[in-house]
Amino acid sequence: MLVKNRDIRLFSQSVMKLVIATRNIGKLAEIKELLQGLDFEIKTLADYPEFGELPEDGTTFIENATKKAITVAKLTGHLTLADDSGLEVTVLGGAPGIKSARYAKNDVERNKKLLDALKLIPWEQRTARFVCAIAIVQPNGNIQTVQETCDGFIAFEPQGTNGFGFDPIFYYPPLGKTFAELSRTEKSKYSHRGKALRAARKILEQLITYTPS
Ligand code: ITT
C-alpha cells in the first residue's frame with residue numbers, strides 16, 4: 001500500500017498549536033480565513049476563558065500587538081499571533097488611532113461619533129488610513145512583527161453591512177465602495193489586515209515543526 005509522507009506524519013507526530021490572541025470576532029474571522037491551510041492546530045481565546053484583559057497600554061500598534069502576543073504566549077506556552085489595529089483620520093491628527101476600540105462603546109456608536117466629528121469636513125479632507133500590526137511570539141520569547149496600512153476616505157454616511165468596526169464608513173476609492181460592501185475575501189485582498197497577514201503567513205510557514213506524539 002502506498003503511504004504518503006504526510007500520512008506517516010499524521011500517525012506519528014502532533015501538529016504545533018497556534019493561538020490567535022484576539023477577542024474581536026470580526027478580526028478573528030479574517031485571520032482564520034487567511035491562515036487557512038497552514039499546518040497548525042488553531043486555538044483562540046475562547047479556548048482560554050480564564051484569561052483576563054490583555055495589555056494595550058503601549059504607544060504604537062506594534063507595541064500593543066507585541067504586548068498582547070507576549071502575554072498569551074507566556075500564559076499558554078504556545079506560539080501566539082496578536083493583531084493591534086485601528087483607523088487614523090488625517091484631520092483628527094491620526095485619531096482615533098491606537099485608541100480605536102475605545103473611541104465609543106460599540107461599532108455603531110464609534111461610527112456615529114466619527115461621522116459627527118467630520119460633519120463639516122469636505123470630501124477631499126476626509127482622508128484616513130487603516131493600520132494593522134501583527135506580532136508573532138514563540139514560546140522561547142522570539143518576536144516577529146509586521147505592519148501594513150490601507151488608504152481611503154471617511155464616507156458621509158454608513159454604507160454596507162459586511163465586515164465590522166469602521167468598515168461601513170471606510171470608503172476605498174479603487175473599488176468605489178466601502179469595506180462593508182465587500183465580501184470578506186474581497187476586503188482581505190486590499191485591506192491593512194490582509195496585507196499584514198500575507199506577510200505573517202510567510203513567517204509562520206518558517207516556524208512549522210512537528211513533535212512526536
Ligand atoms: P483585540 O484587542 O481583542 O484583538 P480589539 O477590537 O480591542 O480586539 P484593537 O484594540 O486592535 O482590537 O482595536 C481595533 C479597532 O479598530 C476595532 O475595534 C475596530 O473598531 C477598528 N478596526 C481595526 N481593523 C478594522 C477593520 O478591518 N475594519 C473595521 N474596523 C477596524
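Sequence positions, counted from 1, serve as the residue numbers for this chain. Note that ligands are numbered from 1 as they come in the structure, with each ligand's atoms numbered from 1 the same way.
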Taking atom 9 (P) of ligand 1 as the reference point, the nearest protein heavy atom with its distance: Lys27 NZ, 3.5 Å
Residue pair Thr185 / Glu33, side-chain donor-acceptor N/O under 3.5 Å: yes
Atom 3 (O) of ligand 1: the protein heavy-atom neighbour that sits closest, reported with distance to 0.1 Å: Arg23 N, 2.8 Å
Carboxylate-amine/guanidinium contact Lys187 Glu30, below 4.0 Å: yes
Interatomic spacing from NE2 in His192 to OG1 in Thr149 - rounded to 0.5 Å: 9.5 Å
Over 12 foreign heavy atoms within 6.0 Å of NZ, Lys177: no
Tyr103 six-ring centre to Lys113 NZ/CZ under 6.0 Å and within 45° of normal: yes
Nearest protein heavy atom with distance in Å, relative to atom 14 (C) of ligand 1: Ser85 O, 3.1 Å
contact_flag Leu87 ligand 1 heavy-atom lt 4.0 Å: no
Check: Tyr171 ring centre within less than 6.0 Å of Phe153 ring centre: no
Residue that, paired with Leu18, satisfies side-chain contact (heavy atoms from CB on, under 4.5 Å) out of Leu38, Thr44, Leu79, Thr80: Leu79
Those atoms of ligand 1 less than 4.0 Å from some heavy atom in Asp84: 9 (P), 10 (O), 11 (O)
contact_flag Arg102 ligand 1 heavy-atom lt 4.0 Å: no
Asn24 N/O to ligand 1 N/O under 3.5 Å: yes
Residue and atom name of the nearest protein heavy atom (relative to atom 7 (O) of ligand 1), distance in Å to one decimal: Ala101 CB, 3.5 Å
Short N-O contact, Glu124 and Arg126, less than 4.0 angstrom: no
Atom 24 (N) of ligand 1: nearest protein contact (heavy atom, Å): Arg193 NH2, 2.9 Å
Lys/Arg N to Asp/Glu carboxylate O, Lys119 vs Asp116, below 4.0 Å: no
4.0 Å heavy-atom contact, Gly163 with ligand 1: no
Which residue and heavy atom of the protein sit nearest atom 27 (O) of ligand 1, plus the separation: Lys187 NZ, 2.7 Å
Asp83 bridged to Lys27 by N-O distance under 4.0 Å: yes
For His192, atoms of ligand 1 separated by under 4.0 Å from a heavy atom: 24 (N), 25 (C), 26 (C), 27 (O)
Minimum-distance protein heavy atom relative to atom 1 (P) of ligand 1: Thr22 OG1, 3.4 Å
Within-shell test, Phe166 vs ligand 1, heavy atom, strictly < 4.0 Å: yes
Closest protein heavy atom (residue, atom, distance) for atom 16 (O) of ligand 1: Ser100 CB, 3.4 Å
N-O pairing of Glu56 and Lys67 below 4.0 Å: no
Side chain, backbone, both or neither: Phe164 near ligand 1, heavy atoms under 4.0 Å: both
Ligand 1 N/O within reach of Phe130 N/O, cut-off under 3.5 Å: no
